[in-house]
Amino acid sequence: MAVTGDETESAATGDMPAYQLRSPNSSLAQNIVMAASPGTMQSPSSQHAEEITRKREVRLMKNREAARECRRKKKEYVKCLENRVAVLENQNKTLIEELKALKDIYCHKAE
DNA sequence: TGATAGCAGCGTCAGGGTTT
DNA sequence: AAACCCTGACGCTGCTATCA
């Protein structure tokens with residue numbers, strides 16, 4: 001899919017989030033289609049444009065939710081890893097102490 | 001107290017992987 | 001092969017802490 005090309009330009013305007021400024025497939029005239037009053041007769045081409053717009057909105061909505069879920073899972077994964085690090089560090093500490101104790105015992109026996 | 005940096009969270013796009 | 005899903009990357013916003 002081609003990049004719209006107006007992204008960086010729009011993002012620089014600043015009074016609106018970039019994702020609201022970006023136009024979809026440039027020549028679709030989305031805003032005009034959406035402004036058409038409901039209930040009026042529509043030509044086949046405008047119905048087609050409306051269908052494309054609707055599909056895009058559905059896709060964006062699904063992707064929005066997918067991104068949220070993806071971030072949630074990632075955070076959970078990182079938390080899991082951090083927990084595992086803590087557990088392993090404790091184990092390591094315990095083993096070091098155990099080794100030290102065993103060494104002590106061994107040294108006293110050797111005397 | 002205003003300027004600035006750093007961070008977290010968000011929406012979107014692009015592209016690779018998976019399913020139908 | 002088209003439709004769908006997942007996720008890294010990007011740019012934006014809002015918040016907080018720090019500094020001059």
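Letters A, B, ... are given to chains in the order of the sequence lines, protein chains preceding strands, and every chain is numbered from 1.
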Do A:Asn63 and C:dC5 have a side chain to base donor-acceptor pair shorter than 3.5 Å? no
Integer-rounded Å distance: C:dC6 P and A:Tyr77 OH: 18 Å
When the distance from CE of A:Met61 to P of C:dC4 is rounded to whole Å, what number comes out? 13 Å
How long is the line joining CZ of A:Arg59 and C1' of B:dT12, in whole Å? 10 Å
Could you check if a side-chain atom of A:Lys75 sits within less than 4.5 angstrom of a side-chain atom of A:Arg72, using non-hydrogen atoms only? no
In this structure, how many angstroms lie between the C1' atom of B:dG9 and the NZ atom of A:Lys74, rounded? 13 Å
Just compare B:dT12, B:dG11, B:dG9 and give me whichever is closest to any side-chain atom of A:Leu60. B:dT12
Can you see if the side chain of A:Lys73 gets near the phosphate of C:dT7 - specifically, an N or O under 4.0 Å from OP1 or OP2? yes
Look at all strands and tell whether A:Lys55 reaches a base, only sugar-phosphate, or nothing, counting heavy atoms closer than 4.0 Å. nothing
Quick one: do A:Glu76 and A:Lys73 satisfy salt bridge (charged side-chain N to carboxylate O under 4.0 Å, His left out)? Show the steps, please. CA-CA 5 Å; A:Glu76 200 176 295; A:Lys73 277 168 59 183; over 6 Å; no
Between P on C:dC5 and CD on A:Glu65, what's the gap in Å once rounded to a whole number? 11 Å
Taking CZ from A:Arg56 and P from C:dA3, how many angstroms apart are they, rounded to a whole number? 17 Å
Starting at atom CZ of A:Arg64, determine the distance to atom C1' of B:dC13, rounded to an integer number of angstrom. 14 Å
Between OG1 of A:Thr53 and NE2 of A:His48, what distance do you get to the nearest 0.5 Å? 10.0 Å
Do A:Arg68 and A:Glu65 come close enough that some side-chain heavy atom pair is under 4.5 Å? yes
When rounded to whole Å, the NZ to P distance for the pair A:Lys62 and B:dT19 reads 16 Å
So A:Arg71, base contact, sugar-phosphate only, or nothing? Heavy-atom distance under 4.0 Å. base
